[in-house]
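Worksheet: the structure to be examined is printed underneath.
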Number of protein chains: 2
Amino acid sequence: MSETKLTKIIAEHGSQELFIYREFDAPKELVYRAFTEPDLIVQWLGAENWRIDQYEHKSGGRWRFVYKGEMGEFAMRGIMHELAQDERLIRTFEMEGLPEKGHVSLEIALFESAGERKTKLTLHTIYSSVADRDGSKSAIEKNVTDHHLRMDQLFKKIIQ
Amino acid sequence: MSETKLTKIIAEHGSQELFIYREFDAPKELVYRAFTEPDLIVQWLGAENWRIDQYEHKSGGRWRFVYKGEMGEFAMRGIMHELAQDERLIRTFEMEGLPEKGHVSLEIALFESAGERKTKLTLHTIYSSVADRDGSKSAIEKNVTDHHLRMDQLFKKIIQ
């Protein structure tokens with residue numbers, strides 16, 4: 001696997017943000033679709049465990065994803081701030097069922113062309129505290145590479 | 001003026017968040033109203049210069065405030081993530097008309113009782129970069145004390 005096809009996670013010590021970088025062999029219109037069409041989202045999240053309960057594709061729209069599996073059952077949700085077609089998504093994120101509410105983060109996804117039919121994805125998440133960032137980091141490290149490998153498969157299937 | 005009636009701004013060097021603390025001689029139900037009722041918001045922002053263009057009081061609702069005055073004309077807007085009655089507001093914030101879009105921040109307002117008819121307000125803003133935080137700091141320092149003094153007057157008028 002080439003260096004650029006590896007999922008790179010940058011979380012500087014003591015900072016309250018986290019960056020994820022990944023390149024895909026797909027045009028950015030398709031990578032954007034993978035983040036905004038429920039039928040595609042569920043495929044890379046893992047269709048056996050995830051359900052897209054709500055996904056309103058508009059500024060002010062709500063989204064809610066539900067997991068059920070080995071780790072139990074939990075849900076995450078948020079509000080779309082901006083959907084800039086094929087370019088950028090900005091939304092809020094919150095885990096449901098935490099002991100304390102209000103642990104919200106801001107997610108910014110950037111889709112940039114990186115050559116013919118190649119896209120550089122940047123996922124920038126800003127947490128409401130360093131502790132929240134540190135608490136989310138291990139779950140991200142555990143899952144995001146699998147998500148991106150499933151995206152590779154999804155794009156291959158769609159493009160062929 | 002007592003120490004607690006001073007608006008306190010905390011912005012640690014190199015961090016991407018900013019905290020504002022203030023105590024008001026008003027119950028938290030009233031302080032919450034001052035943040036969520038357009039007729040009250042415009043009074044402490046400064047009715048001669050500000051217009052509440054949009055304010056949808058619900059999760060997923062949009063808000064948009066417009067300034068026109070000595071500093072020119074500009075607008076700011078965002079989306080409500082959560083409105084927890086009398087307790088907490090979480091919303092996104094973005095200035096319109098910047099050279100580059102996507103400079104969004106997350107605002108968390110907390111309303112806590114601090115004795116009889118007293119409320120401690122915490123405004124916690126998390127920016128998408130340290131540069132954005134530093135760029136907003138001087139405008140906040142310039143305006144927030146006036147906002148809070150006008151809130152004092154507003155509460156006095158309503159309570160009497």
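So that the names make sense, note that chain A is the first sequence line, chain B the second, and so on, each numbered from 1.
- Comparing Arg91(B), Glu87(B), His81(B) by how many heavy-atom pairs each has under 4.5 Å with chain A, the most go to His81(B).
- Residues of residues 44-54 of chain A lying under 4.5 angstrom from chain B, judged on non-hydrogen atoms, do not exist here.
- Along residues 120-144 of chain A, the residues that come nearer than 4.5 angstrom to chain B, judged on non-hydrogen atoms, are His124(A), Ile126(A), Tyr127(A), Ser128(A) in order of number.
- Between chain A and the options Gly60(B), Gly61(B), Ala84(B), the largest number of non-hydrogen pairs under 4.5 Å is found for Gly60(B).
- Taken together through direct or relayed side-chain contacts under 4.5 Å among Ile, Leu, Val, Met, Phe, Trp and Tyr, Tyr55(B) and Ile90(B) form parts of separate hydrophobic clusters.
- Contacts between residues 68-80 of chain A and chain B, counted as heavy-atom pairs separated by less than 4.5 Å, involve Arg77(A), Gly78(A), Ile79(A), Met80(A).
- Heavy-atom proximity under 4.5 angstrom to chain B picks out Lys101(A), Gly102(A), Val104(A), Ser105(A), Leu106(A), Ile108(A) from residues 101-114 of chain A.
- The two atoms that bring Ser15(B) and Gln16(A) nearest to each other are OG-OE1, 4.4 Å, heavy atoms only.
- Linking ILVMFWY residues whenever their side-chain heavy atoms come closer than 4.5 Å, directly or via other members, leaves Trp63(B) and Val66(B) in distinct clusters.
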